Amino acid sequence: MARILGVCVLTVVGSACGPLSVRSGAEPTTVAPTTARQDFAGLVDVGDGRRIWATCKGQGSPTVVLLSGHGNGAEDWSLILDPYDPVHRTPGDDVSAGLGKIVASDDAVFPSVARTTRVCTYDRPDVRFTGEVTTPRPQPHTVDLDVSDLHALLTAIGEPGPYVLVSHSYGGLVSTLYARTYPDSIAGLVMVDTVSEVMQDLVTPGALDWWDEVNAATNSVVREGVMIKDAFAQINAAGPMPEVPAIVLVADKPFREDLTPPELLQGEHTTFADWVAMVNVLGVNLGAKTITETNSGHNIYLYNPALVVDSIDEIVDDVRAGG
């Protein structure tokens, strides 16, 4: 299934510029809180007339929570890049350019983690448009709304913490503010090529303004708009990050500039070098184990799901050992 470049790795914080696939169904079902420790998939009532689509699977502690990138939802974590696809051997990030065969697989992150511990993931508003859909909200939106949604969801399903948060791309900003807001609820972090507030210290004000504007924009493919500069400001104003075990994964396949719309590369803009520097500095700031040889583009969980799963398992084992 092709990924469309409209929100690309270097220019914005999205992973694929829109949902990979959709679920269809008749009447939406609402998940009752009593199903928290059972496998489930459906809409969860989080109060104030809002419902969030979520799924949890597996048993054990700590619970792993998967946060998707800009414009993408829960289904991403059950997909991989076909192991036989020649895109694996190309030097650039072809997947973010809309190339490569994306397939559902038991080797994907969500089903793999469910074999060793409890794992949950969910759809933010406006990342999926048919079937059982998370209640929409006006776009673009601020990161604190995503933090509030995640907290309300975990409370509503009665999922006990502390959690290991596993984030991709924009999801890293959500998990960072969540960790700073609810530090006692965090047991560990896995940052999968995520955005960090340190980007504002690495690029020119013009490039940062451009990045913010592109991420806030929506279209027929990407209906989720995120406000990056506001997210940076909220994170910087929040409390400190908790000291927990962390692993940071960094993409090493550069984006396909030759396949990027020329208008996205005019004037001041962020670059692949900026992105790599940002993720590496994040690793330093978290005191994290940082893995830079991933043989992956931005969507590391598609290119190399085993590496992401191994990283999650390492943090889970560390938490269980009292690390």
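Everything quoted here is computed from the prediction, not taken from an experiment.
- At most 12 non-hydrogen atoms from other residues, nucleotides or ligands lie less than 6.0 angstrom from CG of D106.
- Separation of atoms CG (L99) and CZ (R256) is listed at 6.5 Å; rounding is to 0.5 Å.
- Legend: residues meeting side chain to side chain donor-acceptor pair (under 3.5 Å) with T142, ordered by chain and number and at least two apart, are D144.
- Side-chain contact between V166 and V192 is present, with heavy atoms from C-beta onward closer than 4.5 Å.
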Quiz item: What do the steps show when you test T63 against E159 for side chain to side chain donor-acceptor pair (under 3.5 Å), and what is the final call?
Solution: CA-CA 8 Å; T63 296; E159 198 64 45; 3.0 Å; yes

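- Hydrophobic clustering keeps V147 apart from M227 (ILVMFWY residues linked when any side-chain heavy atoms are closer than 4.5 Å, directly or through intermediates).
- Residues V279 and V281 are members of one and the same hydrophobic cluster, defined by side-chain heavy-atom contacts under 4.5 angstrom among Ile, Leu, Val, Met, Phe, Trp and Tyr.
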Self-check item: Stepwise side chain to side chain donor-acceptor pair (under 3.5 Å) test for Y122 and D149
Solution: CA-CA 10 Å; Y122 69 106; D149 271 0; over 6 Å; no

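- With a 6.0 Å radius and a threshold of 12 heavy atoms from other residues, nucleotides or ligands, D48 has its CG atom at or below the threshold.
- Distance alone, capped at 3.5 Å, is enough to place a donor-acceptor pair between the T117 side chain and the P62 backbone.
- In this structure the side chain of N72 never reaches within 4.5 angstrom of the side chain of V127, judged on heavy atoms.
- D123 has a carboxylate O that lies under 4.0 Å from a charged side-chain N of R128, or vice versa, which qualifies the two as a salt bridge.
- Follow the hydrophobic side-chain contacts under 4.5 Å out from L145 and you never reach L173; the two are in separate clusters.
- Within a 6.0 Å sphere centred on NZ of K57, other residues, nucleotides and ligands contribute 12 heavy atoms or fewer.
- Residue W275 forms a side-chain hydrogen bond (donor to acceptor under 3.5 Å, both in side chains) with just one option from D193, N280, T270, and that option is D193.
- Counting all heavy atoms, side chain and backbone alike, H168 lies closest to H298 at NE2-O, 3.0 Å.
- The closest donor-acceptor contact from the side chain of T134 to the backbone of W53 lies under 3.5 Å.
- No more than 12 heavy atoms of other residues, nucleotides or ligands sit less than 6.0 Å from atom CD of E213.
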Practice problem: Go through the steps to decide whether T176 and F232 satisfy the test side-chain contact (heavy atoms from CB on, under 4.5 Å), and finish with yes or no. | Solution: CA-CA 10 Å; T176 296; F232 292 172; over 6 Å; no

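- For Y170 and N215, the side-chain atoms include no donor-acceptor pair closer than 3.5 Å.
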Practice problem: Go through the steps to decide whether S311 and I291 satisfy the test side-chain contact (heavy atoms from CB on, under 4.5 Å), and finish with yes or no. | Solution: CA-CA 10 Å; S311 298; I291 301 175; 4.1 Å; yes

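- In terms of modelled atom types and a separation under 3.5 Å, the side chain of N304 and the main chain of S296 share no donor-acceptor contact.
- Applying the side chain to side chain contact (heavy atoms under 4.5 Å, CB included) criterion to T135, with sequence neighbours excluded, gives R50, R51.
- When all heavy atoms are compared, the tightest approach of L67 to W77 is O-CZ2, 3.2 Å.
- Side-chain atoms of F272 and E257, non-hydrogen and from C-beta on, never get closer than 4.5 Å to each other.
- D274 places a side-chain N or O within 3.5 Å of a backbone atom of T271 that can act as its donor or acceptor partner.
- Under the 4.5 Å side-chain criterion, counting only non-hydrogen atoms from C-beta, L66 is in contact with F110.
- Rounding to the nearest 0.5 angstrom, the gap separating the CD1 atom in I157 from the SG atom in C120 is 4.5 Å.
- Taking CD of Q200 as the start and CD1 of I235 as the end, the distance is 9.0 Å to the nearest 0.5 Å.
- Nearest heavy-atom pair across D93 and G297 is CG-CA, 3.4 Å.
- Between the OH atom in Y178 and the OH atom in Y163 there is a gap of 5.5 Å [rounded to 0.5 Å].
- Scanning for salt bridge (charged side-chain N to carboxylate O under 4.0 Å, His left out) contacts around D82 gives K101, with sequence neighbours left out.
- Residues S96 and N299 bring a donor and an acceptor atom of their side chains to less than 3.5 Å of each other.
- Nearest heavy atom pair, residue T294 against residue A251, reads OG1-CA, 3.7 Å.
- Note that CG of L286 and OG1 of T194 are 8.0 Å apart. Values are rounded to the nearest 0.5 Å.
- Ion pairing between K253 and D94 fails under the 4.0 Å rule for side-chain N and carboxylate O.
- Linking Ile, Leu, Val, Met, Phe, Trp and Tyr whenever their side-chain heavy atoms come within less than 4.5 Å puts V276 and L202 in one cluster.
- Remark: side-chain polar atoms of H70 are paired, donor with acceptor, to backbone N or O of E224 under 3.5 angstrom.
- Here the closest heavy-atom approach between residue V109 and residue V309 is recorded as CA-CG2, 3.9 Å.
- Distance alone, capped at 3.5 Å, places no donor-acceptor pair between the S105 side chain and the L79 backbone.
- Contact annotation: the side chain of V113 never approaches that of V316 to less than 4.5 Å [non-hydrogen atoms, C-beta and beyond].
- Not a single donor-acceptor pair under 3.5 Å links the side chain of R124 to the backbone N or O of G73.
- Between K289 and V248 there is no side-chain heavy-atom pair separated by less than 4.5 Å.
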Quiz item: Given the rule in the side chain to side chain donor-acceptor pair (under 3.5 Å) test, do E268 and W210 qualify, once you have shown the distances and angles that lead to the verdict?
Solution: CA-CA 7 Å; E268 295 182 87; W210 175 87; over 6 Å; no

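- Considering CG of D230 and CG of D212, their distance stands at 8.5 Å, rounded to 0.5 Å.
- Residues L154 and L177 share a hydrophobic cluster, clusters being chains of Ile/Leu/Val/Met/Phe/Trp/Tyr side chains in contact below 4.5 Å.
- Minimum interatomic distance between T218 and G225 (heavy atoms only, all atoms of both residues): CG2-N, 3.6 Å.
- Residues L189 and I315 form no side-chain contact, since every pair of their non-hydrogen atoms from C-beta on lies 4.5 Å or further apart.
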